[in-house]
Amino acid sequence: MSSKANRSTPLGLRISAIAGLLFLHLPLALIFLYAFTTEEKSFEFPPPGLTTKWFGVAWSSRPDIWQPLYLSLQVAAIATVLALIFGTLAAAALSRARFFGRETISLLFVLPIALPGIITGIALRSAFDIMSIPFSVWTIILGHATFCIVVVYNNAVARFRRLNGNLVEASMDLGANSFQTFRHIILPQIGTALLAGGMLAFALSFDEVIVTTFTAGQQTTLPIWMLSELIRPRQRPVTNVVAVFVFIVTLLPILAAYYLTREGEHTGGSSK
Amino acid sequence: MSFMSPAVRFQNVSRRFGSVRAVDNVSLDIEPGEFFALLGPSGSGKTTCLRLIAGFEQPDEGHIEIFGETADGVPPYRRNVNTVFQDYALFPHMTVGENVAYGLMIKGVGKAEREEKAKSALAMVKLAGYESRRTAQLSGGQRQRVALARALVNGPKVLLLDEPLGALDLKLREQMQEELKSLQTSLGITFVFVTHDQGEALSMANRVAIFNEGKIVQVGTPSDVYERPTSRFVADFVGSSNVLSPEFAATHGGRAAWTSLRPEKIQIAPQNALVPAACAHAKGIVTAISYQGAVTRITVATEKLALIATTPAGTDVRKGDSVSLIWPKSAMVAMGEGA
Amino acid sequence: MSFMSPAVRFQNVSRRFGSVRAVDNVSLDIEPGEFFALLGPSGSGKTTCLRLIAGFEQPDEGHIEIFGETADGVPPYRRNVNTVFQDYALFPHMTVGENVAYGLMIKGVGKAEREEKAKSALAMVKLAGYESRRTAQLSGGQRQRVALARALVNGPKVLLLDEPLGALDLKLREQMQEELKSLQTSLGITFVFVTHDQGEALSMANRVAIFNEGKIVQVGTPSDVYERPTSRFVADFVGSSNVLSPEFAATHGGRAAWTSLRPEKIQIAPQNALVPAACAHAKGIVTAISYQGAVTRITVATEKLALIATTPAGTDVRKGDSVSLIWPKSAMVAMGEGA
Amino acid sequence: VSGDPLKSVGEGEGQVDIVAWPGYIERGESDKNYDWVTDFEKETGCKVNVKTAATSDEMVTLMNQGGFDLVTASGDASLRLVAGKKVQPINIQLIPSWMKIDPRLQTAPWHTVDDVHYGVPYQWGPNVLAYNTNVFKEAPKSWSVVFEEQNLPDGKSNKGRVQAYDGPIYIADAALYLSKKKPELGIKNPYELNKEQYAAAIALLQAQRALIGRYWHDATVQVDDFKNEGVVASSSWPYQVNLLQADKKPIASTIPEEGATGWADTTMMHVDAKHPNCAYKWLEHSLNPKLQGDLASWFGSVPTVPSACKGNALLTDTGCETNGFGNFDKIWFWRTPTAKCEKESSCVPYSQWAKDYIAILGK
Amino acid sequence: MTAAVAERQRGIGGAISDLFFARPQLVTFLLLTPPLLWIGVVYIGSLFALLLQSFYSLDDFSGLVVHEFTLATYEQLFEASNAQIILRTVTMAALVTVASAIIAFPIAYYAARYARGWTKALFYLAVMMPLWSSYLVKVYAWKLILAKEGIITWFANELHLRWLLDGILALPVVGGPSLSFSYIGTFLVFVYIWLPYMILPTQAALERVPANFIEASADLGADPRQTFRTVIFPLALPGIVAGSIFTFSLTLGDYIIPQIVGNSRLMIGQAVYTLQGTAGNIPLAAAFTVVPMLIMAIYLWMAKRMGAFNVL
Ligand SMILES: Nc1ncnc2c1ncn2[C@@H]1O[C@H](COP(=O)(O)OP(=O)(O)OP(=O)(O)O)[C@@H](O)[C@H]1O
Ligand SMILES: Nc1ncnc2c1ncn2[C@@H]1O[C@H](COP(=O)(O)OP(=O)(O)OP(=O)(O)O)[C@@H](O)[C@H]1O
Ligand SMILES: NCCCCNCCCN
Ligand SMILES: [Mg+2]
Ligand SMILES: [Mg+2]
């Protein structure tokens, strides 16, 4: 990779890339804008007036936000942890050995993300029915972790594939047993991939509606809360306030993850 | 532990991968303190041999002993053997110092002590002061030395090196060859060294094993294998050689056997030059001249076969000249039967 | 297009990357039909030079002409120049045949015709019948030859090769060197060749340019640069050399200048051997002997400096012997001033 | 033992989970004046958890999933719930206010099966024709404005400007319209259609498809459609009309001459209700005249307790009449169509309705 | 002097490690079993349970599921109205996928090949942020954009482009009374929501195209356009295919977007969602789910062969 310096960006490319990004972001700007509208139930354009009161309202007089927020955080956190464990195990197993059926199994592991969420949802739901498992936080987590595993698995498998096998042997050569090697060598090497996978898993879980609809009983996760707020608005700007809040709170972790994972790529690849 | 037992002993060791016999019934003793080189073409089993010693592979057949103790089933992390990997395999998430101290940390050596030891190991390879560098900031030669320090700090009884100089450019390689050699001499550790560069093997090793297709075809001192190759394969593989057919050898004062004749033993003389009694000769026409700096390589087509001679630079033969090739009969080395 | 114009002309070309002067005010003519080698340490600007010729880089200063036509602003795809990349850069989504036919397809040559041409280009590099192979199924040497065929099939006027043999092992490399050389001779195309292997440069090239830090420090035939280095840098970089200080040279029959003396020019004689009139000599003690097969490399510490001599194998000196070193005064090559 | 009615109402379990139509159970969050939950919670210690459902199908689905104590089921859901054994008989002895219920509703067939009561009537009302008063200076007289392509009084076609309900039960609205428009079909009950009558209704709806930009599915979504999507006429509920009028939108409603379908909702109790005591407490509370009157005012519906019509500040004394108290007999309340029916020898069942309605929407 | 084959203290970890070393298959087995139990048994088992339901049927009279093997439900699946749903959904999914790929490519290409340093970080953020923003809130934002009284109309009026908008809305099939009541609207929202899922893998694939392939192509005479067509695009294709796994599958199964923005014509997701509620027609709902399952199975198989999984 050299000589970027004399390669100027073709104009057409620049324009279509920027247009594409605008397409991605103008609706987001709208979400921001309508967190400040004076309307309460349904939105019109242009907004009749602007106010910051909804931030106060959301903070102090809408206690119904907190429970779903907490539940979503809880579900996403646990699903992500489960996904990290199971996804890493699967990635480690499938990248270290070749055995009959390995290809099939690797295909199986991407299935939950490749099949529409509604199928995952209904299938799990009917399984819960058959086995008389009552709905609970755990059924939601089970549903989410099922597709989160894939996200972590994908990230981890890609990193394992690039992990220089000699590092593991070098560690054993220097006296470290399997566990020590895992802790001191493998984990730091795949750490950034797990971080990236974990973040994406968390994001997907935190925002998942469809699978949740089928695997939740009475519990209201944040997206479910949002859905009912949007369909039957009480104070519609409050929904936007919550969305904006989530947006801002996640900005920094995403940026941090970006730099961390980049560093990982860098050092991961420099061993040659 | 017996002081008489070899550092490494292979007893009829075989290692197969599917249908490939990577190492095929190899028996070998490497003595303590030797600088032992494994030489052979790509895929001939050199790396597999090292991996068997390190414990990354287990023999399918046969036994390996290290200093008289069986290595059967002993995992790498329980062998007092260390490896310098071809690509160094430095841990990219650790500093130079942490890399070197890794083995000690695993052993449970305290922080202060292992930092001290890492420091002196780095000093030994002339990298004092590099402790806190990132490995990505090192040049190839520096990495190689870190890998060496990381292995040596554990005080191995056998050090395995798999083409450690392969990735370096010529000048750096020459310099590292000298450093390695003097380190080995001063530490007295057994070095087992894989290379595909014969010059390296010949100049550095006490003994060389030549591999071909998983088998050892010859073991001996560098001059053994260079000057007395026992097979066409060795003659051809180690340096360049003219291989004379039994007939040609017989009619030129040698034995009726496949015979090796090194190019540098052949002198180029005018067509009608006198031939000393102890020498053989052949007439031919110069077909190619290749300048190589210190020497010039001249190809001469004789009636029967093309011979290559190397002469000091500046010889004024030209393409198309008719010349006489003269060589001492003693320079013809007969090799094994069908070799 | 004038037949008198050089194949490639650099006029005061510079290329900077940030503060690095990768190519620094280089002027150079490469004649049509030459086999021209660029030699120099890592980072000295060889690749950048090739990239300037190919058009992947544009000079920051100066001009490049190709066969008399300016290359300023001409994109790579409009230059009648082709490149064999160091890592071959074969397209993984195409078969061998498609790779070779790629340039023709781009030119709009019909399917039948380009397949025909690809076929004969592959035959030329001895890969007939490999058309439908995937590139992943090829060995290193085979890939290199596909890359060559892919470049040659377009009938370039200049072929650029960036360390094309770097990844191959010795035997294969020697074989490819011969193939390349004979191809170039038979096609008469101008080859510009980057290597870090001096042996390769010396034996293959008509002329060699030696690079250091973005500058050309010497251009000449192989024997020019080997036997008449104009600077310490060249003397040291090309082959191994004893560099004598002006004082040492002056007291030993040379000029009072930094002087190069090749090890193979030095003879080792007994302490009191007669010194012919045309020769210089120095006495010293043997400090190291390194067996290298064809030759043995002997280090002798004289009063002033350590000299290296190479002698044919079999010389029976030993470490610690007191010897006399004798060399023709003509072998001392004085180099530029502060070089 | 699940399914057996309670013999007496004991201590509350601390909560009650209810599936309800939007706007049916208010705790003052939308408008402080409309709150019939807070006091109940204080008195009984039963926390009320509400899950709103937009359609009868959604309600049935939620009840099938379980986890709820009560549901405010309309007639097209109630019998399905009874047949599906998802709801339990109600012991009316435990509901002192039972006798206050409008006699017309006490044994209504959508909650009484073989003389067993499966619920407590909650509210009822018509599916009105909502229209934009800027377009219609006078109230439209016939449902034809949504069924047949025509120019509206503003001179523009009704195409793309009218809506129909997104639910199979809307086939009954078409049948009701046809019962007047094409008397020769002999439609006597829009929920009991023989093959021929049914086919005519389907044909009408298929033709109507070309007029509809989007079917309305959710009450509050329809409010948006009236505001933002240029909808000028649609079958609707008084609830939407109230919301739109409160927002000063030029919307009014009428019951055209063909009459109207409607809903009469019943609070029913899940067979596996986990909080039966709180549920009974709520059932009794649901008949509270204050609640009934406030709700009628809020939703635009009619109380099932006639006494609620008097003296309610929010509803006002004319409220019940306005919301259709006198129209009870003109309203064809939602029911689940079944193959076995009274007026015809055999009728097209609901499953067929459901399938065909999907096909109509997809046309 | 320590023994050559050292006897270091083992501890429990060491002992297990020794066992693992001697039996590498055991390690693979131990690693693989838990995730395989989850995905291979629980998840796949659930899918089979669902699949099984599609071979039951619904009794029209009682509305109850008949637990007897029959293909009647599949017959229903291919009735005109249901076949229409499948066709409509697959067409939509295909168009959304193609459009996402077309819009995503320049972004991914720019990010992979031209953006450096902070611009690269900016691109990354720009793609990740929409992914982290609530799906529902985004969809509702679009409703406001597309509504008849919405933003697009507002701008069309301001810019005197109303004729253009009306012209678009007058298009047969895809048009409608308003953008938010039309296929165009549904399509736009789908493309918008799934776009990041297309950009990320495409960018990953593009980043893996070595720079010297592009130089080699130029060297052989290909101008940038030809290089793009013959080298860059084919090599980025696995990434696009990986992205299309998401866009295609997510469109196949989504029931929320077409319900909020659309013309009430059902898509598979909505059909499944309503069927399993409406009259509890689980068999038909299950039969409907078989369609995406089959499509995705074939799709995955092809994608795997193209190497798309490496950039998923
Ligand atoms: N893990 C393995 N699986 C399958 N085959 C293997 C494996 N390791 C080595 N081989 C095969 O065994 C043979 C010997 O390989 P080995 O690496 O020991 O050769 P080498 O002499 O080190 O070659 P090189 O000089 O190319 O490094 C080769 O044919 C190789 O392909
Ligand atoms: N694209 C680039 N950006 C920044 N610096 C560069 C770039 N390309 C080359 N350089 C720098 O220019 C100098 C010359 O590099 P070049 O690749 O020409 O050397 P080289 O002689 O080919 O070396 P090598 O033998 O290692 O291939 C080096 O210092 C290198 O780091
Ligand atoms: N960001 C919301 C999109 C939902 C994606 N869900 C993926 C799960 C697929 N089963
Ligand atoms: Mg090897
Ligand atoms: Mg280079």
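A, B, ... follow the sequence lines: proteins, then strands. Residue 1 opens every chain.
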query = Looking at E:Pro224, E:Ala49, E:Ala126, which makes the most heavy-atom pairs under 4.5 Å with chain A?
reply = E:Ala126

request  = Please tell me if the side chains of A:Ile122 and E:Phe288 come closer than 4.5 Å, counting only heavy atoms from C-beta onward.
outcome  = no

request  = Select one option (side chain, backbone, both, neither) describing which atoms of E:Leu136 are under 4.5 Å from chain A's heavy atoms.
outcome  = both

task = Please look at A:Leu111 and chain E and tell me whether the side chain, the backbone, both or neither of the residue comes under 4.5 angstrom of a heavy atom of that chain.
result = both

task = Measure the shortest side-chain to side-chain distance between A:Phe214 and E:Tyr273 over non-hydrogen atoms and say whether it is less than 4.5 angstrom.
result = yes

request  = Report the option among A:Thr239, A:Asn240, A:Leu21, A:Ile85 that has the most heavy-atom pairs separated by less than 4.5 Å from atoms of chain E.
outcome  = A:Leu21

message = For E:Leu36, which atoms come within 4.5 Å of any heavy atom of chain A: side chain, backbone, both, or neither?
response = both

query = Relative to chain E, which segment of A:Glu103 carries a heavy atom at a distance below 4.5 Å: side chain, backbone, both, or neither?
reply = both

request  = Would you mind checking which part of E:Gln53 comes under 4.5 Å of any heavy atom in chain A, side chain (CB onward), backbone (N, CA, C, O), both or neither?
outcome  = side chain

note = Smallest heavy-atom separation, A:Leu230 atom then E:Val137 atom, equals CD1-N, 4.2 Å

message = When you compare the side chain of E:Trp132 with that of A:Phe206, does any pair of heavy atoms fall below 4.5 Å?
response = no

ask   = Which region of E:Leu144, side chain (C-beta onward) or backbone (N, CA, C, O), has a non-hydrogen atom less than 4.5 Å from a non-hydrogen atom of chain A, or is it both or neither?
value = side chain

key: Contacting region of A:Leu124 [heavy-atom separation from chain E under 4.5 Å]   = both

key: Minimum heavy-atom distance between E:Met293 and A:Leu115, given as atom pair plus value   = CA-CD2, 3.9 Å

Contact class of E:Tyr124 relative to chain A, heavy atoms under 4.5 angstrom = side chain

key: Note, A:Phe43 side chain near E:Lys143 side chain (heavy atom, < 4.5 Å)   = no

query = Of the non-hydrogen atoms in A:Leu89 and E:Pro34, which two are nearest, and what is the gap between them?
reply = CD1-CG, 4.0 Å

key: chain E contact via A:Ile15 - side chain, backbone, both or neither, heavy atoms under 4.5 Å   = neither

query = Taking every heavy-atom pair that is under 4.5 Å apart, which of A:Val246, A:Thr146, A:Leu108 has the most such pairs with chain E?
reply = A:Thr146

message = What part of A:Ser16 gets within 4.5 angstrom of chain E, counting heavy atoms only: side chain, backbone, both, or neither?
response = both

Under 4.5 Å from any heavy atom of chain A - which part of E:Ile39 = side chain

message = Angle between ring planes, A:Phe23 versus E:Tyr192, binned at 30° and 60°: parallel, tilted or perpendicular?
response = perpendicular

ask   = Sub-3.5 Å donor-acceptor pair from the side chain of A:Asn177 to the main-chain atoms of E:Ser17, do we have one?
value = no

request  = Quick one: do E:Tyr255 and A:Val209 satisfy side chain to side chain contact (heavy atoms under 4.5 Å, CB included)? Show the steps, please.
outcome  = CA-CA 10 Å; E:Tyr255 61 83; A:Val209 206; 5.7 Å; no

ask   = Heavy-atom distance under 4.5 Å to chain E: side chain of A:Met199, backbone, both or neither?
value = both

request  = Return the option, out of A:Pro223, A:Ala127, A:Ser178, with the maximum number of heavy-atom pairs under 4.5 Å with chain E.
outcome  = A:Ser178

ask   = Side chains of A:Phe45 and E:Phe155: closer than 4.5 Å at any heavy-atom pair?
value = yes

inquiry  = Between E:Met296 and chain A, with a heavy-atom cut-off of 4.5 Å, which part of the residue counts as in contact: side chain, backbone, both or neither?
reply    = side chain

request  = Measure A:Ala145 against the heavy atoms of chain E and call it side chain, backbone, both or neither at under 4.5 Å.
outcome  = both

message = So for E:Trp154, is it side chain, backbone, both, or neither that comes closer than 4.5 Å to the heavy atoms of chain A?
response = side chain

ask   = Non-hydrogen atoms of chain A under 4.5 Å away: do they reach the side chain of E:Val27, the backbone, both or neither?
value = both

message = Which heavy atom of E:Ile103 sits nearest to which heavy atom of A:Gly20, and what is that distance?
response = CG2-CA, 4.2 Å

task = Among the options A:Leu94, A:Thr181, A:Leu251, A:Ile130, pick out the one with the most heavy-atom pairs lying under 4.5 Å from chain E.
result = A:Leu251

query = Do A:Ile113 and E:Phe246 pass the side chain to side chain contact (heavy atoms under 4.5 Å, CB included) test, and can you show the C-alpha distance, the side-chain angles, and the key distance before you say yes or no?
reply = CA-CA 8 Å; A:Ile113 199 89; E:Phe246 291 110; 3.3 Å; yes

From CD1 (E:Ile107) to CD1 (A:Ile18), nearest 0.5 Å = 10.5 Å

key: chain A contact via E:Ile44 - side chain, backbone, both or neither, heavy atoms under 4.5 Å   = side chain

inquiry  = Taking 4.5 Å as the heavy-atom cut-off, does anything in residues 27-35 of chain A contact chain E, and if so which residues?
reply    = A:Pro27, A:Leu28, A:Leu30, A:Ile31, A:Tyr34

key: Distance, nearest 0.5 Å, that separates CG of A:Leu204 from CG of E:Leu131   = 6.5 Å

key: Whether over 12 other heavy atoms sit under 6.0 Å from E:Phe228 CZ   = yes

query = For the candidates A:Thr213, A:Ile210, A:Leu200, which exhibits the highest count of non-hydrogen atom pairs separated by less than 4.5 Å from chain E?
reply = A:Ile210

key: A:Leu26, part contacting chain E, at a heavy-atom distance under 4.5 Å   = neither

task = Can you see which heavy atom on E:Gly253 is nearest to which on A:Pro116, and at what distance?
result = CA-CB, 3.4 Å

task = Show your reasoning for whether side chain to side chain contact (heavy atoms under 4.5 Å, CB included) applies to E:Trp301 and A:Leu107.
result = CA-CA 8 Å; E:Trp301 180 72; A:Leu107 203 69; 5.6 Å; no

request  = To the nearest 0.5 Å, tell me how far A:Thr120 OG1 sits from E:Leu50 CG.
outcome  = 10.0 Å

ask   = So do A:Leu142 and E:Trp38 actually touch side chain to side chain, heavy atoms under 4.5 Å?
value = yes

request  = Measure distances from E:Phe105 to the heavy atoms of chain A and classify the residue's part below 4.5 Å as side chain, backbone, both or neither.
outcome  = neither

Leading residue by heavy atom contact count with chain A [cutoff under 4.5 Å; candidates E:Gly269, E:Ala121, E:Ala147, E:Ala285] = E:Ala121

query = Is there side-chain contact between E:Lys304 and A:Ser106, with at least one heavy-atom pair below 4.5 Å?
reply = yes

Per-residue contact mode, A:Ile105 against chain E (heavy atom under 4.5 angstrom) = side chain

task = Answer with side chain, backbone, both or neither: which region of E:Phe213 has an atom nearer than 4.5 Å to a non-hydrogen atom of chain A?
result = neither

task = Considering non-hydrogen atoms only, spot the tightest contact between E:Ser133 and A:Phe247 and give its length.
result = OG-CD1, 3.2 Å

message = I'd like to know which of A:Arg125, A:Glu229, A:Arg236 tops the heavy-atom pair count under 4.5 Å against chain E.
response = A:Arg236

